[in-house]
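One structure is given below, encoded as structure tokens.
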Amino acid sequence: MKHLKLVWENAEALSVAAAHYFVERCAKHIAEKGSFSVSLSGGSTPKRLYQLLATPAFSRNIDWKKVFLFWGDERFVPHTHEESNYKMVKEALLDHVKIPKKNVFAVPTKGEAKDCALQYEKTIQQVLGKQMQIDLTLLGMGDDGHTSSLFPGTDVLSEKKRFIKEVWVESKQTFRISSTYRFINNSKEVMFLVAGAAKAPVLKYIFAKNAKAKYPVQDVNLKKGNAIWMLDEAAAGLI
Ligand SMILES: O=C1O[C@H](COP(=O)(O)O)[C@@H](O)[C@H](O)[C@H]1O
């Protein structure tokens with residue numbers, strides 16, 4: 001897998017560049033096969049991208065009827081909770097664009113986490129078919145090197161069969177529902193959005209020559225596609 005690193009002046013410039021990239025990929029996939037599937041990232045950095053996509057400047061260039069949205073990970077809280085990734089995307093994007101409800105696949109969060117994870121995996125299978133291939137997976141990276149909800153030291157890191165799995169995150173004393181490496185690495189392409197100086201030490205480590213495996217993000221290794229890293233100057237400062 002190739003890694004393309006692009007460094008932008010700040011988080012705003014990074015988000016604008018990511019929005020342009022999203023529009024371009026969307027047009028390409030729709031022209032080629034009539035649809036565009038995206039796995040959305042949670043966390044602090046992508047919110048601005050979603051807000052930009054909702055503005056007329058970007059939104060008018062997106063054929064929302066042909067866009068299918070999934071969540072790469074979700075906090076195990078109701079969809080109305082402040083920490084819900086669904087709520088963040090709803091308020092930043094979904095409430096402002098004409099995407100059909102049937103194209104939006106939120107992670108269920110009622111009942112047991114393990115049942116919700118299984119149910120979501122089945123939903124994705126029904127929509128994407130056996131291939132389970134997302135066109136564009138958006139990812140962030142935590143200061144601890146986690147991506148999606150693949151946190152250091154968690155069981156989900158060694159999951160080989162499942163595409164979606166519940167994960168108990170000890171450091172946060174909570175369940176999350178996460179994409180597994182199997183699902184992420186089957187994507188056609190991933191785009192990382194990473195901003196802020198707190199991310200710089202992990203980026204320095206993972207982009208060093210012959211870096212040994214240490215952080216979960218290092219196991220994102222697409223079977224066929226490539227990774228594009230959108231970084232701001234603060235995050236890229238030690239590379
Ligand atoms: O991929 C992801 O990464 C973030 C970490 O991103 P941050 O911008 O909040 O530092 C993670 O927590 C998020 O849920 C996930 O989708």
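We count ligands from 1, going down the list as the structure has it; atoms in each ligand are counted the same way. Computed from a prediction, not measured in an experiment: that's the story for all the values here.
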Nearest protein heavy-atom contact for [atom]: which residue, which atom, what distance?
atom	answer
atom 8 (O) of ligand 1	Thr45 OG1, 2.8 Å
atom 9 (O) of ligand 1	Ser44 N, 2.9 Å
atom 10 (O) of ligand 1	Lys199 NZ, 2.6 Å
atom 11 (C) of ligand 1	His146 NE2, 3.2 Å
atom 14 (O) of ligand 1	Asp73 OD2, 2.8 Å
atom 1 (O) of ligand 1	Gly140 N, 2.7 Å

Could you tell me, atom by atom, which parts of ligand 1 come under 4.0 Å of a heavy atom of [X]?
X	answer
Ser41	1 (O), 2 (C), 15 (C), 16 (O)
Arg75	12 (O), 14 (O)
Leu139	1 (O)

Practice task
Using the ring of Phe36 (Phe, Tyr or Trp, six-membered ring only), decide whether Lys66 places NZ or CZ under 6.0 Å from its centre and within 45 degrees of its axis.
Solution key: no

Handout entry: Test of proximity, Gly42 against ligand 1: N or O pairs below 3.5 Å
Key =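 Yes; the residue has a nitrogen or oxygen that sits under 3.5 Å from a nitrogen or oxygen of the ligand.
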
Exercise for the section: Return yes or no for this condition: an N or O of Asp143 is under 3.5 Å from an N or O of ligand 1. Expected result: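 No: no nitrogen or oxygen of Asp143 is under 3.5 Å from one in ligand 1.
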
Practice task
Consider ligand 1: state whether an atom of it lies below 4.0 angstrom from any non-hydrogen atom of Ser148.
Solution key: yes

Handout entry: Non-hydrogen atom of Gly142 closer than 4.0 Å to ligand 1
Key = yes

Handout entry: ligand 1 versus Arg176: contacting region, heavy-atom distance under 4.0 Å
Key = side chain

Is it the case that the side chains of [Y] and [X] hold a donor-acceptor pair, with the cut-off being a distance below 3.5 Å and no angle test?
X	Y	value
Asn103	Lys65	no
Ser187	Thr137	yes
Ser15	Trp8	no
Glu166	Tyr120	no

Output yes when [X] and [Y] qualify as a salt bridge under the 4.0 Å nitrogen-oxygen rule, no when they do not.
X	Y	result
Glu159	Arg182	no
Glu12	Arg48	yes
Glu24	Lys28	no

Handout entry: Check: Trp229 ring centroid to Phe207 ring centroid under 6.0 Å
Key = yes

